[in-house]
Structures are given as structure tokens and as C-alpha cells.
Amino acid sequence: MKFNTLIPLLDVKNVEHSIEFYADALGFTIEDKLIWNGQIDWALLSSGPIRLMLSNNSESFHETWVATNGSIFFIYPEDIDSLYKALQVKGYEPSALQASQGGTREFCLQDPDGYTLWFSHKNIRELVA
């Protein structure tokens, strides 16, 4: 079996607040949305080839699915230094940018609902050497 893509669905407290975070901090844009009772209830966001769905938190959802706030999403930016500086300039508080034993440079940032976004980058020259 071959998969073409994976699109995570995050159950969030406030879809509009989460859209603002992902748009401002990471440059995501809205591809599609569903409005219910005058508010955005669901949204599909994208940034390049990455897609992410956001859905308003509901009690029935939690009765069926395990809470996801312990999840970690790995994101591999082209320029980790620029991203890190841009997040700081915008007032976000990412963890320290540091090198791991495997040669990657990494930092983490939590979204408004406690999901951990783990940004990682390995120098291409190190991969080729």
C-alpha cells in the first residue's frame, strides 16, 4: 500500500485562534473552511506541501478519541535560523535552538492548544559528506 499524504486533524479549543497562530507564526493559509453558527468550526490550512486540519473541540469527539495534546509534530523547514528569529520577533517563545547528537539543529514551539511543534534541520552538506 502506498500513501500519498498525511493530513493531521487537531481538535482545538478555538479554530479561529488556532488559524491566527498557524498563519502568523508559520505562514499557513486557509484552503477551505466550514462555518457553523457564525464561527469557523473546521478549517484546512496549508503551507507549501504541508496540510493541517483544525476542528473545534467537542465533548462527543473526546468521548470517542484519545486526547491529543501529548502529540508531537515534526516539521522540517528549509531555513531553521530564519524561522527561529522570525518567531522570536513576532513575540513567540520557542525553546532554545540547539544541536543534537545526530547533527540536526532543533527547537520546539507549543501551539495554543498544547501541541508540540518540533522543528528540525540537518545541513545538506553533512548528509552528502
Side-chain angles (χ1 to χ4, degrees):
M1 179 179 294
K2 182 178 178 182
F3 296 100
N4 292 321
T5 190
L6 170 71
I7 304 174
L9 170 65
L10 305 183
D11 185 31
V12 300
K13 294 175 191 165
N14 183 309
V15 172
E16 293 179 17
H17 186 246
S18 293
I19 289 170
E20 289 173 14
F21 169 82
Y22 281 95
D24 184 56
L26 304 172
F28 277 75
T29 58
I30 298 174
E31 269 193 40
D32 198 7
K33 63 185 174 183
L34 174 65
I35 307 240
W36 185 261
N37 292 330
Q39 295 182 327
I40 300 175
D41 193 54
W42 172 89
L44 174 63
L45 307 181
S46 65
S47 178
I50 296 173
R51 288 185 168 159
L52 175 67
M53 291 184 284
L54 304 171
S55 179
N56 261 337
N57 174 315
S58 69
E59 291 302 316
S60 61
F61 186 88
H62 282 290
E63 291 172 10
T64 309
W65 298 94
V66 176
T68 56
N69 63 359
S71 298
I72 298 173
F73 296 91
F74 281 83
I75 301 173
Y76 299 90
E78 291 180 351
D79 186 344
I80 198 163
D81 295 302
S82 294
L83 174 61
Y84 188 78
K85 289 175 188 170
L87 289 168
Q88 289 181 314
V89 166
K90 291 179 178 184
Y92 295 100
E93 297 178 2
S95 68
L97 178 59
Q98 54 191 346
S100 74
Q101 291 179 346
T104 60
R105 299 183 66 235
E106 304 173 328
F107 71 89
C108 294
L109 179 69
Q110 281 197 329
D111 83 353
D113 292 281
Y115 293 98
T116 299
L117 309 176
W118 189 318
F119 298 90
S120 183
H121 182 266
K122 187 164 189 161
N123 188 328
I124 297 297
R125 288 184 292 255
E126 292 174 9
L127 292 173
V128 176

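- A distance of 12.5 Å separates NZ of K33 from CG of L44, quoted to the nearest 0.5 Å.
- Between F21 and Y92, the gap from one ring centroid to the other is short of 6.0 Å.
- With a 4.5 Å cut-off on side-chain heavy atoms, W42 and D32 count as touching.
- Note: D81 CG to R105 CZ = 4.0 Å, rounded to the nearest 0.5 Å.
- Remark: the backbone N or O of S95 is paired with a side-chain donor or acceptor of Y84 at under 3.5 angstrom.
- For the pair S55 and L9, the tightest heavy-atom approach, listed with the atom from each and the gap, is CB-CD1, 3.7 Å.
- For the 3.5 Å distance criterion, the side chains of S18 and D111 fail to qualify, holding no donor opposite an acceptor.
- Residue S120 forms a side-chain contact (heavy atoms from CB on, under 4.5 Å) with just one option from I80, T104, I75, and that option is T104.
- Side-chain contact between I40 and I19 is present, with at least one heavy-atom pair separated by less than 4.5 Å.
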Notebook entry, point to check: Taking it one step at a time, do N56 and W36 satisfy side-chain contact (heavy atoms from CB on, under 4.5 Å)?
Noted result: CA-CA 10 Å; N56 261 337; W36 185 261; over 6 Å; no
Next item on the list: Dump the intermediate steps for side-chain contact (heavy atoms from CB on, under 4.5 Å) on L26 and L83, then the final yes or no.
Entry: CA-CA 8 Å; L26 304 172; L83 174 61; 4.0 Å; yes
Note to self: Could you walk me through whether F73 and L10 satisfy the side-chain contact (heavy atoms from CB on, under 4.5 Å) test, starting with their C-alpha distance in whole Å, then the side-chain angles of each, then the deciding distance to 0.1 Å, before giving a yes or no?
What the structure shows: CA-CA 11 Å; F73 296 91; L10 305 183; 3.3 Å; yes
Next item on the list: Start with the C-alpha distance between I50 and Y76, add both sets of side-chain angles, then the distance that settles side-chain contact (heavy atoms from CB on, under 4.5 Å), and finish with yes or no.
Entry: CA-CA 10 Å; I50 296 173; Y76 299 90; over 6 Å; no
